[in-house]
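These notes concern the structure reproduced below.
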Amino acid sequence: MAATTVTPAVPRPAARPATAAGPAGADTPAVPLALPLPVLHSTVLGWYEANARDLPWRTPEATPWAVMVSEFMLQQTPVKRVLPVWAAWLERWPTPADLAAEAPGEAVRMWGRLGYPRRALRLHAAAVAITGEHGGEVPDDHATLLSLPGVGEYTAAAVASFAFRQRHVVLDTNVRRVFARAVTGVEYPAQATTAAERRTATALLPADTGTAATWAVAVMELGALVCTARGPECGDCPLFTACAWQRAGCPPYEGPARRGQSYEGTDRQVRGKLLAVLRAEHGTVEQARLDAVWPDPVQRARALDGLVADGLVEPVEQGVYRLPQ
DNA sequence: GAAGCGTGGCA
DNA sequence: TTGCCAAGCTT
């Protein structure tokens, strides 16, 4: 990093637009901020050093497996709810082989109420693959990580970056929002990740490997703590004066309506209720117990069929079910 | 590319 | 209260 002192205050940028698409438009990488790259890096990294949360999966003692478990659990679930389950999970299954030796249903049970229990099944399947095909060690390269069940582009980059300190573009919802505001000048990113976003993130990634790894987690943390979806704390933001959205006067979001996920009355809700019964029961469960959770028999049957199809529930005999063995 | 997939907290 | 959001992945 440059010898310049890391100060919270950012030099006041020139009076030209913060973002300038190149002459060729969308195919040209956006010019990142009205801020030299080294200054941007030291500003965000300095902020991170002073404000990062002490999360257990960020400690030096955290194994790659511990990092990977945290990434699975954090897919769409807030940190606060993940913390206790993560700790219990790693106490019980300190290595992939420990989990792989158990029935998948035990993973579903331990998952508790984190939501999206298919993640538990995929984490178990990933542990089986790691144990059987990778010598019991979490793979350290992006492509191999990507081949594991439940590991997509984000998770592969996150594990490679956080657990193995590699240099990868880590694009999650936090990072996308920070760049949407600071670089592009809009309140929210598009629904799906675009090539332009990836170019921007690539252009901003520090060249040094170790610095890049810290940068990735630092930008995520900024999005999680300051540049939040609702009620961002712009007054506390290290990028306040450089932020394109701020300089544009914080224009409200204008894109298509962000899809709200309805829940009440959906199959998802029924699946959740059915699985809650199965999780609480350590043996088999009779049909009548399941029938009690939802009045509509058609929807109930559809939800149960879906759970069976997903491998989250195992039919034992006619009218008897259990978590998968 | 859009839809489906849990759950809880907060404004 | 209701709607929105939370370190996405799979089909």
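A, B, ... follow the sequence lines: proteins, then strands. Residue 1 opens every chain.
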Practice task
Evaluate side-chain hydrogen bond (donor to acceptor under 3.5 Å, both in side chains) for A/Arg247 paired with A/Thr241, printing each intermediate quantity in order.
Solution key: CA-CA 7 Å; A/Arg247 292 155 61 89; A/Thr241 57; over 6 Å; no

Exercise for the section: Send over the distance from A/Met220 CE to C/dG8 P, rounded to a whole Å. Expected result: 7 Å

Exercise for the section: Using the ring-ring contact (aromatic ring centres under 6.0 Å, His included) rule, pick out the option among A/Tyr48, A/Trp215, A/Trp47 that qualifies with A/His41. Expected result: A/Trp215

Problem - Atom P, compared across C/dC4 and B/dA3: separation rounded to whole Å - result: 16 Å

Fill in the blank from the handout: Judged by nearest nucleotide, the residue sitting upstream toward the 5' end of DNA chain C, A/Leu55 or A/Pro149, is A/Leu55

Problem - Gap in Å between the two P atoms, one belonging to C/dC9 and one to B/dG8, rounded - result: 23 Å

Handout entry: Distance in Å, A/Arg322 CZ paired with A/His282 NE2, rounded so as to fall on 0.5 Å steps
Key = 14.5 Å

Practice task
Would you kindly give the NZ-to-P distance between A/Lys80 and B/dT7, to the nearest whole Å?
Solution key: 19 Å

Exercise for the section: Compare side-chain N and O positions of A/Arg176 against OP1 and OP2 of C/dG8 and report whether any pair is under 4.0 Å apart. Expected result: no

Fill in the blank from the handout: Picking from B/dG6, C/dG8, B/dC5, the nucleotide nearest the side-chain atoms of A/Asp267 would be B/dC5

Exercise for the section: Determine the contact category for A/Tyr263: base if any of its heavy atoms lies under 4.0 Å from a base atom, sugar-phosphate if only primed atoms, P, OP1 or OP2 are that close, otherwise nothing. Expected result: base

Handout entry: Atom-to-atom span, CD of A/Gln76 to C1' of C/dG8 - whole angstrom
Key = 5 Å

Practice task
Using a 4.0 Å heavy-atom cut-off across all strands, classify A/Leu275 as base, sugar-phosphate, or nothing.
Solution key: nothing

Exercise for the section: Give a yes or no on whether A/Gln191 atom CD has more than 12 heavy-atom contacts from other residues, nucleotides or ligands under 6.0 Å away. Expected result: yes

Practice task
Rounded off to whole Å, could you give me the CE-to-C1' distance for the A/Met73 and B/dC5 pair?
Solution key: 18 Å

Exercise for the section: Determine the Euclidean distance between corresponding P atoms of C/dA7 and B/dG4; express it in Å to zero decimal places. Expected result: 23 Å

Practice task
Check for a donor-acceptor pair, side chain of A/Arg279 on one end and backbone N or O of A/Val108 on the other, with a separation under 3.5 Å.
Solution key: no

Exercise for the section: Pick base, sugar-phosphate or nothing for A/Glu153, based on heavy-atom distances below 4.0 Å to the nucleic acid. Expected result: sugar-phosphate

Problem - A/Pro78 side-chain proximity, nearest of C/dA6, B/dG6, C/dA7 - result: C/dA6

Completion exercise
By nearest-heavy-atom nucleotide on DNA chain B, the more 5' of A/Lys273 and A/Arg122 is A/Arg122

Exercise for the section: Scan A/Ala229 against the nucleic acid and name what it touches under 4.0 Å (heavy atoms): base, sugar-phosphate only, or nothing. Expected result: sugar-phosphate

Practice task
Send over the distance from A/Gln75 CD to C/dA7 P, rounded to a whole Å.
Solution key: 12 Å

Fill in the blank from the handout: A/Leu123 CG to C/dG8 C1', in whole Å, measures 14 Å

Handout entry: Base B/dG6 paired with A/Thr77 side chain (donor-acceptor, <3.5 Å)
Key = yes

Practice task
Under 4.0 Å between any heavy atoms, over every strand shown, what does A/Arg279 touch: base, sugar-phosphate, or nothing? Just pick one.
Solution key: sugar-phosphate

Handout entry: Side-chain donor/acceptor of A/Arg230 to base of C/dC5, under 3.5 Å
Key = no

Exercise for the section: Remember a base hit wins even if backbone is also touched, and classify A/Arg58 as base, sugar-phosphate or nothing at under 4.0 Å, heavy atoms. Expected result: base

Exercise for the section: Take atom CD of A/Gln269 and atom P of B/dC5, then tell me their distance rounded to the nearest Å. Expected result: 12 Å

Completion exercise
A/Arg268 CZ to B/dA3 P, in whole Å, measures 12 Å

Exercise for the section: Report yes if a side-chain nitrogen or oxygen of A/Arg113 is closer than 4.0 Å to either non-bridging phosphate oxygen (OP1 or OP2) of B/dG8; otherwise report no. Expected result: yes

Practice task
Looking at every strand, decide which applies to A/Ser70 at a 4.0 Å heavy-atom threshold: base, sugar-phosphate, or nothing.
Solution key: nothing

Exercise for the section: Could you tell me whether A/Arg118 contacts a base, only the sugar-phosphate backbone, or nothing, with contacts defined as non-hydrogen atoms closer than 4.0 Å? Expected result: base

Handout entry: Test item: A/Glu49 side-chain N/O and A/Gly46 main-chain N/O as donor-acceptor pair under 3.5 Å
Key = no

Handout entry: Touch class at under 4.0 angstrom, heavy-atom based, for A/Val151 against every strand present
Key = sugar-phosphate

Handout entry: Of the listed nucleotides B/dG6, C/dG8, B/dG8, the one nearest the side chain of A/Tyr154
Key = C/dG8

Exercise for the section: Tell me which nucleotide among C/dA7, B/dG6, C/dG8 gets nearest to the side chain of A/Arg81. Expected result: B/dG6

Practice task
State whether the side chain of A/Trp86 and the backbone N or O of A/Ala66 hold a donor-acceptor pair below 3.5 Å, judged by distance alone.
Solution key: yes

Exercise for the section: Hey, which sits more toward the 5' end of DNA chain B by its nearest nucleotide, A/Tyr116 or A/Gln191? Expected result: A/Gln191

Practice task
Identify whether any heavy atom of A/Trp111 sits under 4.0 Å from a base atom; if not, whether one sits that close to sugar-phosphate; answer base, sugar-phosphate or nothing.
Solution key: nothing

Practice task
For A/Thr155, report the nucleic acid contact type (base, sugar-phosphate, nothing); a contact means any heavy atom under 4.0 Å.
Solution key: sugar-phosphate

